[in-house]
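So you know, we letter chains A, B, ... as the sequences are listed, proteins then strands, and number each from 1. Excluded from the calculations below are hydrogen atoms, water molecules and symmetry mates; all remaining heavy atoms, backbone and side chain alike, are included.
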Amino acid sequence: MKEPSFFEKVYQIVKLIPKGRVTSYGTIAEYLGSKGSARMVGWAMNKSLSFPEDIPAHRVVNRKGLLTGKIHFGGSNTMKQLLENEGMIIENDQIIDFEKFFWDPAKELMV
DNA sequence: GGTGTGACCAGCT
DNA sequence: AAGCTGGCCACAC
């Protein structure tokens, strides 16, 4: 059988993100072995919105903890609402204490 | 089948 | 110091 593509791996990682945690595109890309493919991760999220699967794309933000992808959630602050619903604080489209909520797969999955 | 794009990141000018 | 380009891989037209 075929191995999961970079694209598929991204979904696996995102779905593994625990509630109340967030991660960045570059981190996922780096974890997959392609640090420079950070763009692919975000782009994969865009497609995930069209997929019937439950991809918590709102838990994935950029390196600065900025909700760069909220625009694709409909242009509204839907992404912000989801994150706040999980117990985090968002201000000016930016996650407060981003480092504290940061979820690193390389550390969490690697035990 | 080639070109362009894409929710990024980091380095160079 | 800040702005911009390059790079990565996969999909859409």
Within the sub-3.5 Å range, which N or O atoms of nucleotides 8-13 of chain C have a protein N or O partner, and how far apart are they?
residue : atom : partner : partner atom : Å
C:dC8   : O2   : A:Gly36 : O            : 2.8
C:dC8   : N3   : A:Arg39 : NH1          : 3.4
C:dA12  : OP1  : A:Lys47 : NZ           : 2.8

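The shortest distance between side-chain heavy atoms of A:Phe102 and A:Lys107 does not fall below 4.5 Å. Side-chain contact between A:Ile89 and A:Phe101 is absent, with no heavy-atom pair separated by less than 4.5 Å. Side-chain contact between A:Ile90 and A:Asn77 is absent, with no heavy-atom pair separated by less than 4.5 Å. Put simply, the side chain of A:Pro105 does not reach to within 4.5 Å of the side chain of A:Leu16, judged on heavy atoms. A:Lys70 has its side chain out of reach of A:Thr78: every pair of non-hydrogen atoms, C-beta onward, lies at least 4.5 Å apart. A:Leu109 places a side-chain heavy atom less than 4.5 Å from the side chain of A:Tyr31. Between A:Asp97 and A:Met88, the closest side-chain pair of non-hydrogen atoms is not below 4.5 Å. At a threshold of 4.5 Å between non-hydrogen side-chain atoms, the residues A:Leu67 and A:Phe73 do not count as touching.
B:dA7 atom C1' lies 13 Å from atom NZ of A:Lys64, rounded to whole Å. Taking atom CG of A:Leu83 as the reference point, atom P of B:dA7 lies 18 Å away to the nearest angstrom. The CD1-P distance, from A:Ile55 to B:dA7, rounds to 18 Å in whole Å. One interatomic measurement links the two molecules: CG of A:Asn62 to P of B:dA7, which rounds to 12 Å at whole-angstrom precision. In this structure, A:Tyr11 places its OH atom 12 Å from C1' of B:dA7, rounding to the nearest Å. Across the protein-nucleic acid pair, A:Ile71 atom CD1 and B:dG6 atom C1' stand 12 Å apart, rounded to whole Å.
Each of A:Arg21, A:Lys19, A:Arg59 was compared with A:Glu86 under the side chain to side chain donor-acceptor pair (under 3.5 Å) criterion, and only A:Arg59 meets it.
A:Ala44 comes within 4.0 angstrom of no nucleic acid atom, judged by non-hydrogen atoms across all strands.
Taking atom P on both B:dC8 and C:dA1, the two are 25 Å apart, rounded to the nearest angstrom. Taking the C1' atoms as reference points, C:dA2 lies 24 Å from B:dA7, given to the whole Å.
Using a 4.0 Å cutoff on non-hydrogen atoms, no part of residues 92-103 of chain A comes near DNA chain B. If you check residues 13-30 of chain A against DNA chain B, the residues with a heavy atom closer than 4.0 Å are A:Tyr25, A:Gly26, listed by number.
Taking both residues in full, the closest heavy atoms of A:Met79 and A:Gly69 are given as SD-C, 3.8 Å, listed atom of the first, atom of the second, then distance.
Heavy atoms of other residues, nucleotides or ligands lying less than 6.0 angstrom from NZ of A:Lys64 number 12 at most.
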